[in-house]
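Down below is the structure, laid out as structure tokens.
As the structure is a prediction and not an experimental result, all values here were calculated from the model.
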Amino acid sequence: MKRRFTGISERDVMKLPRRTFLHLAAGTAALPALSRIARAQAYPSRPVRVVVGAPPGGGHDIVARLMAQWLSERLGQPFVIDNRPGGSENIATEAVVRSSADGYTILLVTGTNAINTTLYEKLSFNFNRDIASVAGIARVPELMVANLSVPAKTVPEFIAYAKANPSKLNMASGGIGTPSHMAGELFKMMTGVDMVHVPYRGVAPALTDLISGQVQVMFSASTSSIGHIKAGRLRALAVTTATRSEALPDIPTVAEFLPGYEASNWYGIGAPRNTPVEVIDKVNKAINAGLADLKIKTRLADLGGDVLALSPADFGKLIADETEKWGKVVRAANIKTE
């Protein structure tokens with residue numbers, strides 16, 4: 001009768017030559033790493049949830065669905081959008097922070113996450129610590145847009161007009177602490193103009209009132225305002241990125257008149273911390289391949305965005321730099337949530 005091998009007993013270990021024992025120990029220690037690599041090679045083996053901190057239909061959702069479709073086709077499993085609006089994207093972020101670090105729940109990361117780190121004092125998570133950076137997707141300029149009744153047609157003319165009418169111009173935003181708000185506050189700080197901030201619950205109602213003349217100016221993501229500009233309902237004064245947008249090459253930058261000014265929204269992908277590096281690298285490579293695809297580049301350009309193809313480390317540095325930059329603006333302007 002054959003005896004079944006049940007492992008090495010403590011007595012057997014004591015009898016093993018040192019070299020044999022070390023080889024066995026090294027092999028055992030390597031098993032977890034081999035298991036992680038095997039899981040990464042098999043990833044994804046089931047649907048992946050992409051959590052988006054905004055409702056369907058807006059710029060966030062459009063970008064997320066564009067990339068989710070590409071990843072589904074590229075990696076062979078559905079990447080399913082899970083819209084979790086509310087709480088200035090903190091609800092969505094917390095849902096991902098609390099998820100398993102296995103790559104099957106990922107987050108659409110935006111510039112709002114960098115702002116929230118300073119704006120909200122009592123979050124249940126630390127974004128830079130609890131979310132691993134995976135990949136960039138796109139950088140989208142804010143557009144400085146004005147109601148057609150405003151006489152200024154350039155940034156210098158607008159600054160002069162605002163200084164001649166202190167506290168008489170209303171500056172709309174999509175809400176306190178949103179990228180549109182922060183872009184406007186940075187503009188106010190650097191120019192010294194006095195405008196009244198009017199926060200709305202979202203960009204759409206703010207743009208409606210801007211078009212009707214209830215407010216006079218707004219810094220709005222190009223994804224939301226480009227259609228109104230092309231239709232002649234709003235006047236674009238400038239883009240807020242450091243260089244002109246490839247999608248809007250004829251519109252000057254604010255920095256051409258106000259050196260050092262830069263504000264933009266951006267999109268990328270994050271995952272719970274401790275997500276296997278192999279999984280992060282696999283998703284990163286798939287996203288960057290998509291950003292090199294002409295159809296995706298064209299679609300992002302239609303939205304006013306430029307591709308943001310970065311390594312996980314470079315995307316992490318972008319998040320850290322943006323967190324520091326907007327933290328200074330939040331503190332200097334004494335911005336508080338309601």
Side-chain angles (χ1 to χ4, degrees), residues 88 111-112 114-121 139-200 203 206-207 209-211 213-222 224-225 229 234-245 248 250-266 321-338:
S88 191
T112 300
I115 296 167
N116 287 350
T117 300
T118 306
L119 185 64
Y120 291 87
E121 298 178 354
R139 184 184 292 277
V140 180
E142 302 286 326
L143 286 171
M144 184 179 180
V145 288
N147 178 269
L148 299 179
S149 66
V150 174
K153 292 180 171 60
T154 66
V155 171
E157 288 178 2
F158 182 86
I159 293 172
Y161 180 67
K163 287 186 174 181
N165 295 275
S167 300
K168 294 181 180 179
L169 297 183
N170 293 324
M171 180 189 78
S173 81
I176 294 174
T178 58
S180 59
H181 177 205
M182 302 304 291
E185 290 294 341
L186 182 61
F187 183 83
K188 288 167 62 178
M189 287 172 56
M190 293 182 68
T191 59
V193 300
D194 182 9
M195 298 186 291
V196 179
H197 175 227
V198 183
Y200 287 77
V203 170
L207 284 171
D209 275 8
L210 179 62
I211 293 168
Q214 299 299 310
V215 291
Q216 287 72 49
V217 67
M218 181 177 178
F219 291 79
S220 170
S222 58
S224 302
S225 55
I229 293 165
L234 292 173
R235 179 184 300 127
L237 300 180
V239 295
T240 61
T241 39
T243 58
R244 293 195 182 199
S245 169
L248 302 162
D250 296 330
I251 300 179
T253 67
V254 175
E256 290 176 35
F257 312 104
L258 193 63
Y261 182 94
E262 192 279 334
S264 59
N265 199 3
W266 40 264
D321 290 346
E322 289 282 292
T323 299
E324 181 180 2
K325 172 182 177 175
W326 294 118
K328 291 178 180 177
V329 176
V330 168
R331 289 187 289 269
N334 194 31
I335 299 171
K336 302 291 185 182
T337 56
E338 293 179 332

(message) Does L234 form a side chain to side chain contact (heavy atoms under 4.5 Å, CB included) with L148? I'd like the steps, not just the answer.
(response) CA-CA 6 Å; L234 292 173; L148 299 179; 5.5 Å; no
(message) Between F257 and I159, does the side chain to side chain contact (heavy atoms under 4.5 Å, CB included) criterion hold? Intermediate values first, please.
(response) CA-CA 10 Å; F257 312 104; I159 293 172; 5.8 Å; no
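- Take Q216 and apply the side chain to side chain donor-acceptor pair (under 3.5 Å) test, not counting sequence neighbours, and it matches no residue.
- The two residues S220 and S224 make their nearest non-hydrogen contact at OG-CB, 3.9 Å.
- Nearest heavy-atom pair across N116 and S88 is ND2-O, 2.7 Å.
- Looking only at side-chain heavy atoms (C-beta outward), V145 and V217 stay at 4.5 Å or farther from each other.
- With E185 contributing its side chain and H181 its backbone, the two residues share no donor-acceptor pair below 3.5 Å.
- The shortest side-chain heavy-atom distance between M144 and M218 does not fall under the 4.5 Å cut-off.
- For R139 and S264, the side-chain atoms include at least one donor-acceptor pair closer than 3.5 Å.
- Contact of the M190 side chain with the V254 side chain is not registered, since no non-hydrogen atoms from C-beta on lie closer than 4.5 Å.
- Side-chain contact check for F158 versus K153: every heavy-atom pair is 4.5 Å or farther apart.
- Side-chain contact check for T191 versus L258: some heavy-atom pair is nearer than 4.5 Å.
- The minimum heavy-atom distance between A206 and S173, with the atom names listed, is CB-O, 3.8 Å.
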(request) Go through D321 and W326 one step at a time and tell me if the side chain to side chain contact (heavy atoms under 4.5 Å, CB included) criterion holds. (result) CA-CA 9 Å; D321 290 346; W326 294 118; over 6 Å; no
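- Crowding of E157 atom CD: a count of heavy atoms from other residues, nucleotides or ligands under 6.0 Å exceeding 12.
- Between the side chain of K188 and the main chain of D194, no donor-acceptor pair closer than 3.5 Å is present.
- Checking side-chain atoms of R235 against main-chain N and O of V150 turns up a donor-acceptor pair under 3.5 Å.
- Between V196 and M171 there is no side-chain heavy-atom pair separated by less than 4.5 Å.
- For the residue pair G111 and N265, the shortest heavy atom distance occurs at N-OD1, 3.0 Å.
- Without hydrogens or angle criteria, T240 side chain to A263 main chain gives a donor-acceptor distance under 3.5 Å.
- In this model, no donor atom of one side chain and acceptor atom of the other lie less than 3.5 Å apart for T241 and T243.
- Among residues two or more places apart in sequence or in another chain, the side chain to side chain donor-acceptor pair (under 3.5 Å) test is passed with N170 by none.
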(message) Does M182 form a side chain to side chain contact (heavy atoms under 4.5 Å, CB included) with F219? I'd like the steps, not just the answer.
(response) CA-CA 9 Å; M182 302 304 291; F219 291 79; over 6 Å; no
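- The backbone N or O of V215 sits nowhere less than 3.5 Å from a side-chain atom of D209 that would complete a donor-acceptor pair.
- A 4.5 Å side-chain heavy-atom check between V155 and P252 finds every atom pair outside the cut-off.
- Formation of a donor-acceptor pair under 3.5 Å by the Y261 side chain with backbone atoms of T253 is not found in this model.
- Listed here is the closest heavy atom pair of I176 and T337: CG2-CA, 4.4 Å.
- Contact check for K328 versus M189: no side-chain heavy atoms found under the 4.5 Å cut-off.
- Side-chain N or O atoms of T178 include one that pairs as donor or acceptor with a backbone N or O of G175 at under 3.5 Å.
- Using modelled atom types, no side-chain atom of R244 and backbone atom of V239 make a donor-acceptor pair closer than 3.5 Å.
- Contact record, S222 with V140: OG-CG1, 3.0 Å, taken as the closest heavy-atom pair.
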